[in-house]
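Worksheet for the structure shown next.
Read the numbers this way: they start at 1 and go in the same order the structure lists the ligands and their atoms. Owing to the predicted nature of the structure, the values given are computational and were not obtained by experimental measurement. What's counted below: heavy atoms across the whole structure, side chains too, no hydrogens, waters or symmetry copies.
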Amino acid sequence: MTRTQVGIIGAGPAGLMLSHLLHLAGIDSVILESRSRRAIEETIRAGVLEQSTVDLMVETGVGDRLKREGFLHHGFEFRFEGHGHRIDLAALTGGRSITVYAQHEVLKDLIQARLDAGADIRFDMRDVALHDVATSPRITFTDRDGRAGELACELVGGCDGSYGVSRPAIPHESRRDYLRIYPFGWFGILAEAPPSSDELIYARHERGFALISTRSQEVQRMYFQCDPSDNVDNWSEDRIWDELQTRTEGDGFRLKEGRIFQKNIVPMRSFVCEPMQYGRLFIAGDAAHTVPPTGAKGLNLAVADIFVLARAMERYLKSGADDGLQSYSATALRRIWRAQHFSWWMTSMLHRFEEATEFDRRRQLAELDLVTSSEAAARTVAENYVGLPLT
Ligand code: FAD
Ligand code: DHB
């Protein structure tokens, strides 16, 4: 049996950032993670960090490599009907911007910082289960040698993503789930090629959405809307490049092609669980909510939850005052629903919906015309895209 102040399930952005912020406040935690360190550090996911995520990483001492290797973007492009239209993030938001830096690089930096500070992170844990979360929590697990273990803690951070064990530990009658499933997914690739554009491109085309992002001068990240039940093996390199070229064509634009070395398909859904707490269990990040990736909000929302939760836990553990913990869910949900709205809006404005009528398509184009020609509308997009300040 191990004792700690905060038991954390999951070493994703939420769990690692929680452990990091608690450590800076002088609070002990133990992280139980089901995957290996290597798997975590190699899984390709998000790429866009909001200004406040970057600021938090820099201010708390885990932003050195991000500052050196991340790409600062002051704008992005909406592309439709064969033309590109720039959204000037910096000009529309008083100088705020986003940084392109891959999620697994954020995870490498957080894991290294935590281990350097002597943290107890247990990778490869199986059968993680929560007990007595309403009163005095315990977490049981099987370690990588097959031995049973137990962790007793005052508080639990449930940071184990969409399919973890934390959310189901909140009894059905004590929570409400809100879910929307989209009838499409994103086909993501990594390609060995130089960048085709200095900024991200969000393209709406009759054949469906496409997104041109980047990772470095040598590696590019791109996505296109697809059938969520499709198989990556149905897509040869030539077919992928044809589809991406078609969806981004116009104004003489051509994507620079190269060897594709990674392909995956992700389904798209919007999900929120309310409240995000039960007794001494507090869920955060994808464990509590999912957004479709179009607004680039998932990782950033996970960090924003943790910013609120870490302070509330610190206050409780140092002074016994539980007001911050009591209001955690309500505080976090305000930002989460704003991000849900933005992510749904970007998704519905840019994707092809099979059931859409000609009226719907015209309305979609009128909406893109609005956000690229009215400064007020463009500012709404820009403010949401760079992210609200952390509160
Ligand atoms: P996770 O990253 O899912 O971490 C949860 C951890 O818990 C995992 O390591 C998992 O192995 C572990 N775990 C699960 N179950 C258990 C268990 N039972 N016991 C112990 N451990 C467990 N977001 C953005 O902000 N910007 C983007 O540009 C962006 N693009 C995306 C593109 C794609 C293709 C995808 C798939 C997602 C994207 N996202 C983006 C979303 C972002 O990746 C997630 O929102 C983010 O990873 C959430 O972090 P988390 O820590 O809450 O959960
Ligand atoms: C990336 C992912 C997103 O979901 C997005 O909206 C923008 C960029 C990326 O992986 O680079």
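Distances below 4.0 Å separate heavy atoms of Gly161 from the following atoms of ligand 1: 3 (O), 5 (C), 53 (O). Atoms of ligand 2 found under 4.0 Å from any heavy atom of Ala296, numbered from 1 in the order shown, are 5 (C), 6 (O). Near Gly164, the atoms of ligand 1 lying under 4.0 angstrom from a non-hydrogen atom of the residue are 15 (N). Near Val165, with a cut-off below 4.0 Å to any heavy atom, the atoms of ligand 1 are 18 (N). Taking every heavy atom of Leu200 and a limit of under 4.0 angstrom, the matching atoms of ligand 2 come to 7 (C), 8 (C). In the vicinity of Pro293, heavy-atom distances shorter than 4.0 Å reach the ligand 2 atoms 3 (C), 4 (O), 5 (C), 6 (O). For ligand 2 and Leu211, the ligand atoms under 4.0 Å from any heavy atom of the residue are 3 (C), 5 (C), 6 (O), 7 (C), 8 (C). The contact set between ligand 1 and Val128, taken as ligand atoms under 4.0 Å from a residue heavy atom, comprises 19 (N). The distance from ligand 1 to the heavy atoms of Leu32 drops below 4.0 Å at these ligand atoms: 20 (C), 21 (N). Atoms of ligand 2 lying under 4.0 Å from any heavy atom of Arg45, numbered from 1 in the order shown and given with element: 10 (O). Heavy-atom proximity to Tyr202, at under 4.0 Å, picks out these atoms of ligand 2: 5 (C), 6 (O), 7 (C). Each of the following atoms of ligand 1 lies closer than 4.0 Å to a heavy atom of Ala14: 51 (O), 52 (O). The ligand atoms of ligand 1 that sit less than 4.0 angstrom from a heavy atom of Asp160 are 5 (C), 7 (O), 13 (N), 14 (C), 15 (N), 16 (C), 22 (C). Ligand-side atoms of ligand 2 in range of Gly47: 9 (C), 10 (O), 11 (O), range being under 4.0 angstrom from any heavy atom. Numbered from 1 in the order shown, with element, the atoms of ligand 1 that lie under 4.0 Å from a heavy atom of Ile9 read 19 (N), 20 (C). Atom numbering of ligand 2 starts at 1 in the shown order; those under 4.0 Å from a heavy atom of Thr294 are 6 (O).
Summarising the geometry, atom CE belonging to Met346 is positioned 7.0 Å from atom CZ belonging to Phe209; distances are rounded to the nearest 0.5 Å.
Summary of contacts: the protein heavy atom closest to atom 49 (O) of ligand 1 is Pro13 CD, 3.4 Å. In this structure, the protein non-hydrogen atom closest to atom 44 (C) of ligand 1 is Asp286 OD2, 3.4 Å. Nearest protein heavy-atom contact of atom 32 (C) of ligand 1 is Tyr223 OH, 3.7 Å. Shortest contact from atom 24 (C) of ligand 1 to any protein heavy atom: Leu299 N, 3.2 Å. Closest to atom 20 (C) of ligand 1 among all protein heavy atoms lies Ser34 N, 3.3 Å. Protein heavy atom closest to atom 4 (O) of ligand 1, with residue, atom name and distance, is Gly12 CA, 3.5 Å. Here the heavy atom of the protein found nearest to atom 27 (C) of ligand 1 is Ala46 CB, 3.1 Å. Gln103 NE2, 2.7 Å is the protein heavy atom nearest to atom 47 (O) of ligand 1.
An N or O contact shorter than 3.5 Å is missing between Ile40 and ligand 1 by distance. Of the N or O atoms in Pro293, none lie within a sub-3.5 Å distance of an N or O in ligand 1. Residue-to-ligand polar distances keep Ala302 apart from ligand 1: every N/O pair is separated by 3.5 Å or more. At least one N/O-N/O distance between Gly298 and ligand 1 falls below 3.5 Å. Taking distance alone, with nitrogen or oxygen atoms compared against 3.5 Å, Gly285 stays at or beyond that limit from ligand 1. Remark: ligand 1 and Asn264 share no N or O pair separated by less than 3.5 Å (distance only, no angle test). Considering backbone and side-chain atoms together, Arg221 places no N or O closer than 3.5 Å to any N or O of ligand 1. Annotation: Ser213 places an N or O atom under 3.5 Å from an N or O atom of ligand 2; distance criterion only. By the 3.5 Å distance cut-off applied to N or O atoms, Thr214 is not counted among the residues near ligand 2.
Each of Glu218, Glu237, Glu192 was checked for a salt bridge (charged side-chain N to carboxylate O under 4.0 Å, His left out) with Arg259, and the lone residue meeting it is Glu192. With respect to Asp286, the salt bridge (charged side-chain N to carboxylate O under 4.0 Å, His left out) criterion is satisfied by exactly one of Arg45, Arg269, Arg167, Lys297: Arg45. Each of Glu77, His74, Glu199 was compared with Arg86 under the side-chain hydrogen bond (donor to acceptor under 3.5 Å, both in side chains) criterion, and only Glu199 meets it.
Here the two rings, on Tyr202 and Phe76, have centers that are under 6.0 Å apart.
Ligand 1 is never approached by Gly188 to a heavy-atom distance shorter than 4.0 Å. Contact analysis leaves Phe141 out of contact with ligand 1, as no non-hydrogen atom separation drops below 4.0 angstrom. In this structure, Arg215 counts as a contact residue of ligand 2, since one of its heavy atoms falls inside 4.0 Å of the ligand.
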Checklist entry - Arg175 and Glu274: salt bridge (charged side-chain N to carboxylate O under 4.0 Å, His left out), yes or no, with the steps? => result CA-CA 5 Å; Arg175 68 173 210 254; Glu274 288 193 13; over 6 Å; no
Checklist entry - Passes ring pair (Phe, Tyr, Trp, His ring centres under 6.0 Å), Trp337 versus Tyr178? Steps please. => result CA-CA 11 Å; Trp337 278 110; Tyr178 300 84; 5.6 Å; yes
Checklist entry - Step by step, would you call His205 with Phe80 a ring pair (Phe, Tyr, Trp, His ring centres under 6.0 Å)? => result CA-CA 6 Å; His205 189 273; Phe80 55 98; over 10 Å; no
Checklist entry - Step by step, would you call Glu150 with Arg138 a salt bridge (charged side-chain N to carboxylate O under 4.0 Å, His left out)? => result CA-CA 7 Å; Glu150 187 170 324; Arg138 288 177 302 116; 3.3 Å; yes
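Looking at Ala287, Cys159, Gly10 and measuring to atom 5 (C) of ligand 1, the nearest heavy atom belongs to Cys159. When the options Glu33, His289, Met17 are ranked by their closest heavy atom to atom 8 (C) of ligand 1, first place goes to Glu33.
Side-chain atoms of Thr93 and Glu383 form no donor-acceptor pair, as typed in the model, at a separation below 3.5 Å. With no hydrogens or angles considered, no side-chain donor-acceptor pair links His73 and Asp198 at under 3.5 Å. No side-chain donor from either of Arg96 and Tyr385 sits under 3.5 Å from a side-chain acceptor of the other. Side-chain contact, Trp235 with Glu243: no donor N or O sits under 3.5 Å from an acceptor N or O.
Contacts with ligand 1 closer than 4.0 Å are made by side-chain heavy atoms of Val266 only, the backbone lying farther away. Within the 4.0 Å heavy-atom criterion, neither part of Phe76 lies near ligand 2. Residue contacts with ligand 1 for Trp186 are absent, since no atom lies close enough (heavy atoms, distance under 4.0 Å).
In this structure, Arg362 fails the cation-pi test against Phe359, since its NZ or CZ atom is not both closer than 6.0 Å to the six-membered ring centre and inside 45 degrees of the ring normal.
Distance alone, capped at 3.5 Å, is enough to place a donor-acceptor pair between the Arg79 side chain and the Thr248 backbone.
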